[in-house]
Amino acid sequence: MASMTLEDLASRLKKIDFCMLTTKAGSGRISSRPMSNNGDVEYDGDSWFFSYEETRKIAEIESNKDVSLTFTAPPSLLGKPGIFIAIEGVASLVRDKAAFEEHWVADLERWFPEGTDTPGFVLIKVSASSIQYWDGEENGEVTLAGSSARS
């Protein structure tokens with residue numbers, strides 16, 4: 001029986017920087033791209049990603065807010081299997097400078113050289129509705145409060 005909690009998964013997510021963000025493009029297509037969690041690893045069911053406004057992913061989120069995130073961690077040095085985490089959620093676009101500053105880390109200057117003053121800047125917030133995981137020993141689903149599990 002699955003026994004991981006949101007807190008258990010949060011501790012595992014702390015060690016994973018990149019994920020794949022999947023959006024729904026038109027005509028039934030899906031589109032995935034790698035995104036960094038920006039070192040924002042105090043996971044509480046919300047994930048945060050910076051982006052430029054004029055990108056295909058932003059247009060796709062504006063058309064359909066249902067998204068998914070997939071994370072994976074490699075096996076440990078002692079041979080314990082890694083973990084796969086799939087998050088279903090709803091994306092929203094945040095254009096508030098205070099939120100930019102709250103989620104900003106200096107390493108992001110590599111992609112956004114003007115920091116939180118970068119023109120055409122937007123923050124993507126993904127609020128999870130369900131989280132599925134597989135770690136080689138168990139699998140299960142965590143459904144967040146206020147959402148219903150999907151099959």
Side-chain angles (χ1 to χ4, degrees), residues 2 4-74 82-135 138-151:
M4 280 196 183
T5 65
L6 180 61
E7 293 76 24
D8 296 329
L9 289 170
S11 72
R12 302 289 291 271
L13 283 168
K14 279 185 180 221
K15 300 172 187 152
I16 307 172
D17 183 18
F18 286 91
C19 71
M20 294 298 285
L21 166 65
T22 301
T23 55
K24 295 180 181 175
S27 304
R29 287 185 32 243
I30 59 171
S31 182
S32 299
R33 78 280 295 150
M35 300 292 288
S36 171
N37 67 18
N38 315 318
D40 199 352
V41 294
E42 296 303 321
Y43 189 73
D44 61 0
D46 292 332
S47 298
W48 301 87
F49 307 99
F50 285 99
S51 177
Y52 286 101
E53 181 86 35
E54 297 299 320
T55 62
R56 189 177 73 221
K57 70 181 157 291
I58 299 303
E60 291 169 356
I61 288 169
E62 287 176 329
S63 290
N64 189 327
K65 297 184 181 323
D66 294 328
V67 300
S68 67
L69 305 173
T70 52
F71 294 83
T72 185
I83 190 166
F84 297 90
I85 301 171
I87 298 173
E88 286 185 59
V90 176
S92 57
L93 303 174
V94 179
R95 296 175 177 90
D96 176 58
K97 186 165 180 177
F100 295 169
E101 292 173 358
E102 179 182 347
H103 297 284
W104 182 260
V105 293
D107 290 345
L108 292 170
E109 290 173 0
R110 175 181 183 184
W111 294 286
F112 307 103
E114 295 179 53
T116 58
D117 293 319
T118 299
F121 209 35
V122 66
L123 188 55
I124 302 167
K125 176 183 178 184
V126 177
S127 299
S129 54
S130 71
I131 305 169
Q132 295 181 38
Y133 63 89
W134 306 265
D135 73 356
E138 69 173 317
N139 64 70
E141 181 172 2
V142 174
T143 302
L144 280 72
S147 64
S148 59
R150 297 177 218 183
S151 17

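Note that the numbering runs from 1 along the sequence shown for the chain.
Put simply, the side chain of Ile85 does not reach to within 4.5 Å of the side chain of Gln132, judged on heavy atoms. Side-chain contact between Trp134 and Ile83: absent, with no pair of heavy atoms (C-beta onward) separated by less than 4.5 Å. Taking 4.5 Å as the limit, every side-chain heavy atom of Thr55 sits out of range of all side-chain heavy atoms of Glu60. Within the 4.5 Å cutoff, no side-chain heavy atoms of Met35 are placed close to those of Met20. A 4.5 Å side-chain heavy-atom check between Val126 and Asp46 finds every atom pair outside the cut-off. Counting heavy atoms from C-beta outward, Lys65 and Ser92 have side chains that stay 4.5 Å or more apart. Taking 4.5 Å as the limit, every side-chain heavy atom of Thr23 sits out of range of all side-chain heavy atoms of Ile30. When side chains are defined from C-beta on, Lys125 does not count as touching Ser47, because their heavy atoms never get closer than 4.5 Å.
Residue Cys19 forms a side chain to side chain contact (heavy atoms under 4.5 Å, CB included) with just one option from Leu69, Ile87, Thr70, Thr72, and that option is Leu69.
Using modelled atom types, no side-chain atom of Tyr133 and backbone atom of Ala86 make a donor-acceptor pair closer than 3.5 Å. Side chain of Thr5 to backbone of Asp8: a donor-acceptor contact under 3.5 angstrom is found. Side-chain atoms of Ser129 come within 3.5 Å of backbone N or O of Glu88 as a donor-acceptor pair. Judged by distance alone, the side chain of Arg33 and the main-chain N or O of Thr22 form no donor-acceptor pair under 3.5 Å.
Across all non-hydrogen atoms, the minimal contact from Leu6 to Val142 is N-CG1, 4.2 Å. Here the shortest heavy-atom pairing between Phe18 and Ser36 reads CE2-CB, 3.6 Å. In terms of heavy atoms, Ala99 sits closest to Val94 at CB-CG1, 3.7 Å. In plain terms, the two heavy atoms of Ala91 and Val67 that are nearest each other are CB-CG1, 3.9 Å.
Going from atom OG1 of Thr116 over to atom CD of Glu114 covers 10.5 Å, rounded to the nearest 0.5 Å. Glu102 contributes atom CD, which lies 14.5 Å from atom NZ of Lys97 (distance to the nearest 0.5 angstrom). Between atom CH2 of residue Trp111 and atom OG1 of residue Thr118 there is a gap of 13.0 Å, rounded to the nearest 0.5 Å. Atom CD of Glu101 is separated from atom CG of Asp96 by 9.0 Å, given to the nearest 0.5 angstrom.
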Test side chain to side chain donor-acceptor pair (under 3.5 Å) on Lys57 and Ser31 and set out the steps. CA-CA 8 Å; Lys57 70 181 157 291; Ser31 182; over 6 Å; no

As a quick check of understanding, evaluate ring-ring contact (aromatic ring centres under 6.0 Å, His included) for Phe112 and Tyr52, giving each step before the final call. CA-CA 9 Å; Phe112 307 103; Tyr52 286 101; 4.9 Å; yes

As a quick check of understanding, evaluate side chain to side chain contact (heavy atoms under 4.5 Å, CB included) for Leu123 and Arg95, giving each step before the final call. CA-CA 6 Å; Leu123 188 55; Arg95 296 175 177 90; over 6 Å; no

Kindly indicate, with the supporting measurements, whether the criterion side chain to side chain contact (heavy atoms under 4.5 Å, CB included) is fulfilled by Asp135 and Glu138. CA-CA 6 Å; Asp135 73 356; Glu138 69 173 317; 3.7 Å; yes

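Between His103 and Trp48, the ring planes lie parallel to each other; the angle is under 30°, not in the 30° to 60° tilted range.
Side chains of Ser63 and Lys24: no donor on one and acceptor on the other come within 3.5 Å.
Taking the six-membered ring for Trp and the full ring otherwise, Phe121 and Phe100 have centroids separated by under 6.0 Å.
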